[in-house]
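Chain naming here is simple, since letters A, B, ... match the order of the sequence lines and numbering starts at 1 in each. In this text, all values refer to a predicted model and were calculated from it rather than measured experimentally.
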Amino acid sequence: MCLMTVLDKIIESIHHSITQVYSINIDSDSISIAPTKKEFEGDYTYVVFPLVRELKQSPEAIANKLGEYLKTDSEWVDGFNVVKGFLNLELSNSFWNISFAAIAEESYATRKKQGKRMMVEFSSPNTNKPLHLGHIRNILLGWSISKIAENRGYEVIKTQVINDRGIAVCKSMMAWKLFADGASPESTGTKGDRFVGNYYVQYDKALQEEYHNWQADEGRKVFDIEAKEGESLELFFKRFKNQYFNEYSKLGKATKEMLLDWERGEEKTIALWKKMNGWVYEGFDRTYDLLGVGFDKVNYESETYLLGKETVQNGVEKGIFYKLDDGSIWIDLEDVGMDKKIVLRSDGTSVYITQDLGTAQMRYKEFGIDSMVYVVGDEQDYHFKVLFEILKRMNEPYADQLHHLSYGMVDLPSGKMKSREGTVVDADDLIMEVISEAKNSSLERGGVSHLEESQQEELFQMVGLAALKYFIIKVNPRKRMVFDPKESVDMQGTTGPYIQNAYVRIQSILRKAEKSGFTTLDDLEDIEPNAQEKELMVLMLGLPEILDDALQSYDPSVVANYSFALAKAFHRYYHENVIFDKDNPKRSSYRIELSKNLARILKKSMLLLGINMPEYM
RNA sequence: GGCCCCGUAGCUCAGCUGGAUAGAGCAACUGACUUCUAAUCAGUAGGUCUCAGGUUCGAAGCCUGACGGGGUCACCA
């Protein structure tokens, strides 16, 4: 049972009025109110249309009767008006006073711990490439939904799975062995993840060259034998690339041998693998630090890729899976509209989903999690549908508390990012660019010139990152989004810096208030909020519901849009009202107090998006 | 082809789970800094909510079907 919010009091009043006036019983959960639209008089609106059928009266009549009752009966309602079936309520000063007090609570819009554990998996990088724009979207979503879940009373364990094994990793290792001549990130002054990534690219180039040479010679003969009727050389070699790697390439052969060495635990190979992965992790950590995110638990695929085999064997005994003659194990999901899916190879090794089954069980054992959120791109929608269905059939206790936070790809204005065409936007480059852009605008304006240089740098970083993060997180995750680098460094309009600016303004007011000795407000007697102050309070009162929605729909953009709306309303308020009124110190205190609470709420909601608020900008 | 996601202003996006005259920002054009910081504010202009049916007091939202864009259908991860 959660605490009653201020708005619940209104709902309770409405519920009471319905039962009293019409003596019918309706569920108070079915009653909802919304802030009255600006074109109409009133503060909150209750829509009576749903009652029409049962009461067999006109909407106007119902609304008027309820309005009359509320006006005399409820201490929260002062007046009302009716437009068609819309009952617009004008709320009383005592309502605004308790609202003002509720918002001022330090714990406002934070739910108490409810003893539930949620694990959130996000980021999930490969060790052969630096993080890019797509990872940034993933990381921001994962971080933000973790923070929101914490706010809603969950204990959250943030985790990532690092894909640190397999043929791709061996490719970087092979290239380093062949071309690096002992170079290291230190010796070249390169960030570790990029250093290793460069060798992965070099490997690809070398392979491409080898393939090209082969095409002119032996490849030509293979073409004559294997090409399809009428297939051009070009098309054939494009199609044949994979097969070439597996069956003809010397480089490919050496790399596959390296993978076998790795799986055998051959000492030198393992040592190289550890060394290079160490470089990568150091690089990743720097990027995570810069983004202001971190993890409570890291899973390495090298430690989980063998998991799940036993699970599958047990499942065969229970009849969940079945075995084919070649030894491969399958599950038939056709009765729920999915396919037959392999869960263990004929040679007894794991496939992707086997690992995920094992990892899920391992996590449950280790942390006793109640629920699990996977932040993974929408190209894996089907995979997770299958995974969740299997876990359900295995009767795992958490099986109905699994969620795939699926997000769309990030496109550039020119189209899709493609690593082969070099259009992938590097995470570090992007972050640096956005910070330097923030620096430029700030220096132009000169608002922080009184600060020390290190403090200034810190602020530039805060503002730049706010621009980048907000730009990405304001979009509904489900949607594919277009990332225009030019727009991502914008600091005006619907942006992170715009919201930060509202906060900074308030800090400036508070500093001035302190200097000029305005007293804090001791009572709210004789103070009635004006229309804009009511509007601000209505917005602030909406936060708990916003946070519930955000978590329930796994969508941080809800919070982003809320923060913008609140900042915008404040900017307007600031322009049209004078906060420091010498002739009316009490009024001034009220406004200062209101602004202070608003700033706190802004900061809180932005922090849930992973965005920090500066004191100056 | 089967299944899944998306389609709202020139562009990028909201739209509170079916409610009032569909909203913001950017870009364009007008105005507001001797004032609590103009990274701000006020205003003008911009829409057949892809299309066609249906459901009902009421549809951008729900249903059916088209059209357009994307994804996915490996003993890859």
Side-chain angles (χ1 to χ4, degrees), chain A residues 32 34-37 39-40 45 47 49-50 52-53 59 83-86 88 124 126 163 165-168 242 301 305 324 326-330 337-339 342-347 349-353 355-356 377-383 385 406 408-409 411 413 416 438 441-442 444-447 463 467 471 474-476 478-484 486-487 490-502 504-513 516 542 545-546 549 553 557-558 560-562 564-565 568 571-580 588 591-592 595 616-617:
Chain A
S32 70
T36 303
K37 294 212 168 192
E39 312 87 90
F40 302 95
T45 298
V47 183
F49 284 112
V52 169
R53 183 170 298 177
V83 182
K84 291 191 267 180
F86 298 91
N88 300 321
S124 315
N126 299 331
N163 187 345
R165 60 166 284 278
I167 193 75
N242 234 9
E301 206 201 300
Y305 84 109
L324 290 186
D326 66 0
S328 60
I329 298 179
W330 297 71
M338 292 182 249
D339 304 310
I342 189 160
V343 291
L344 204 65
R345 291 195 191 99
S346 50
D347 65 4
T349 57
S350 304
V351 291
Y352 182 34
I353 206 151
Q355 294 174 45
D356 273 353
D378 63 6
E379 67 275 11
Q380 293 194 38
D381 283 356
Y382 184 67
H383 170 77
K385 250 179 101 175
S406 162
M409 199 166 282
D411 289 324
K416 215 168 156 172
S441 341
S442 180
E444 238 171 68
R445 305 179 57 256
V463 175
F471 186 79
K474 73 177 174 185
V475 181
N476 186 323
R478 205 172 46 244
K479 286 188 171 176
R480 221 183 154 96
M481 69 173 286
V482 177
F483 183 90
D484 187 337
K486 279 205 299 286
E487 283 176 26
D490 275 351
M491 317 242 159
Q492 280 149 23
T494 316
T495 66
Y498 172 97
I499 298 167
Q500 288 179 322
N501 186 230
V504 166
R505 279 188 148 166
I506 295 172
Q507 297 317 302
S508 165
I509 290 168
L510 295 178
R511 281 190 295 267
K512 186 173 171 183
S516 39
E545 202 185 327
I546 291 284
D549 276 4
S553 56
S557 74
V558 172
N561 290 317
Y562 171 84
F564 175 73
K568 184 178 159 71
H571 276 307
R572 188 170 55 239
Y573 174 69
Y574 174 89
H575 260 267
E576 292 174 16
N577 297 272
V578 180
I579 306 248
F580 294 107
S588 300
R591 293 188 159 162
I592 291 165
S595 303
Y616 301 89
M617 67 190 284

Q. Considering only B/A42, B/G19, B/C36, which nucleotide approaches the side chain of A/Arg572 most closely?
A. B/A42

Q) Counting N and O atoms only, with roles assigned by atom type, does the side chain of A/Ser508 sit under 3.5 Å from a partner on the main chain of A/Val504, one being a donor and the other an acceptor? A) no

Q: Decide yes or no for A/Gln507 and A/Met617: does some side-chain heavy atom of the first lie under 4.5 Å from some side-chain heavy atom of the second?
A: no

(Q) Using atom P in both nucleotides, what's the gap between B/U48 and B/C75 to the nearest angstrom? (A) 49 Å

Q: Take A/Phe471 and A/Ser508, find for each the nucleotide of RNA chain B with the closest heavy atom, and name the residue whose nucleotide sits nearer the 5' end.
A: A/Phe471

(Q) Considering every strand and a 4.0 Å limit on heavy-atom distances, what is the contact class for A/Lys385: base, sugar-phosphate, or nothing? (A) nothing

Q) Is there side-chain contact between A/Asn501 and A/His571, with heavy atoms separated by less than 4.5 Å? A) yes

Q: Have a look at A/Asn577 and say if it touches a base, only the backbone sugar-phosphate, or nothing, with a 4.0 Å heavy-atom cut-off.
A: base

Q: Between A/Phe580 and A/Met491, just flag the one whose closest nucleotide in RNA chain B comes earlier from the 5' side.
A: A/Phe580

Q: Give one of base, sugar-phosphate or nothing for A/Val52, where a contact means two heavy atoms less than 4.0 Å apart.
A: nothing

Q: Dump the intermediate steps for side-chain contact (heavy atoms from CB on, under 4.5 Å) on A/Asp490 and A/Phe471, then the final yes or no.
A: CA-CA 9 Å; A/Asp490 275 351; A/Phe471 186 79; over 6 Å; no

Q: Could you check if the base of B/U44 is syn or anti? Syn means the glycosidic torsion is within 90 degrees of 0.
A: anti

Q.
Nearest to the A/Gln492 side chain among B/A20, B/A39, B/C6, which nucleotide is it?
A. B/A39

**Q.** Dot-bracket encoding per residue of RNA chain B, Watson-Crick/G-U cut-off under 3.5 Å, | denoting interstrand
**A.** (((((((..((((.....[...)))).(((((.......))))).....(((((..]....))))))))))))....

Q. If we require ring centres under 5.5 Å and near-parallel planes under 30°, does A/Tyr498 stack on B/A39?
A. no

Q: Taking only the side-chain heavy atoms of A/Phe564 (C-beta and beyond), determine which of B/A24, B/U37, B/G71 contains the nearest atom.
A: B/A24

Q. Is the ring centre of A/Phe86 under 5.5 Å from the base ring centre of B/A20, and are the two planes under 30° apart, so that they stack?
A. yes

Q) Judged by atom type as modelled, is there a donor-acceptor pair below 3.5 Å linking the side chain of A/Arg345 to the main-chain atoms of A/Ser350? A) yes

Q. So what does A/Ile579 hit on the nucleic acid, given a heavy-atom distance under 4.0 Å: a base, only sugar-phosphate, or nothing?
A. base

Q.
If I take atom CG from residue A/Leu344 and atom CG from residue A/Leu324, how far apart are they, to the nearest 0.5 angstrom?
A. 11.5 Å

Q: Can you check each nucleotide of nucleotides 72-77 of chain B against protein heavy atoms at under 4.0 Å and return B for base, S for sugar-phosphate only, - for none, in 5' to 3' order?
A: SS-BSB

Q) If we take the C1' atom in both B/A14 and B/G53, what is their distance in whole Å? A) 29 Å

**Q.** Side-chain (A/Ser588) to main-chain (A/Ile579) donor-acceptor, under 3.5 angstrom
**A.** yes

Q: Determine the Euclidean distance between corresponding P atoms of B/A24 and B/C41; express it in Å to zero decimal places.
A: 12 Å

Q. Do A/Phe580 and A/Ile592 have side-chain heavy atoms sitting under 4.5 Å apart?
A. yes

Interface polar pairs with nucleotides 13-17 of chain B, N/O, under 3.5 angstrom:
residue, atom, partner, partner atom, Å
B/C13, OP1, A/Val482, N, 2.9
B/A14, OP1, A/Asn476, N, 2.7
B/A14, OP2, A/Lys479, NZ, 2.7

Q.
Regarding B/A39, can its base be found pairing with the side chain of A/Thr495 as donor and acceptor, where the two atoms are less than 3.5 Å apart?
A. no

Q.
Quick one, A/Pro59 and A/Phe49 - any side-chain contact, counting heavy atoms below 4.5 Å?
A. yes

Q) Does any non-hydrogen side-chain atom of A/Arg478 lie less than 4.5 Å from one of A/Asp378? A) no

Q: Quote, to the nearest angstrom, the C1' distance that separates B/C16 from B/A74.
A: 43 Å

Q. Is the side chain of A/Ser553 donor-acceptor paired with the backbone N or O of A/Asp549 at a distance under 3.5 Å, no angle test?
A. yes

Q) Syn versus anti for B/C33, judged by chi lying within 90° of 0? A) syn

Q: Please report, rounded to the nearest Å, how far the P atom of B/C33 is from the CZ atom of A/Arg505.
A: 15 Å

Q.
Can you identify which nucleotide, out of B/U37, B/G19, B/C11, has its nearest atom closest to the A/Glu487 side chain?
A. B/C11

(Q) Measuring only between side-chain heavy atoms, which start at C-beta, is A/Phe86 closer than 4.5 Å to A/Lys37? (A) no

Q: Heavy atoms only: give me the nearest A/Asn88-A/Val83 pair and the separation to one decimal.
A: ND2-CG2, 4.0 Å

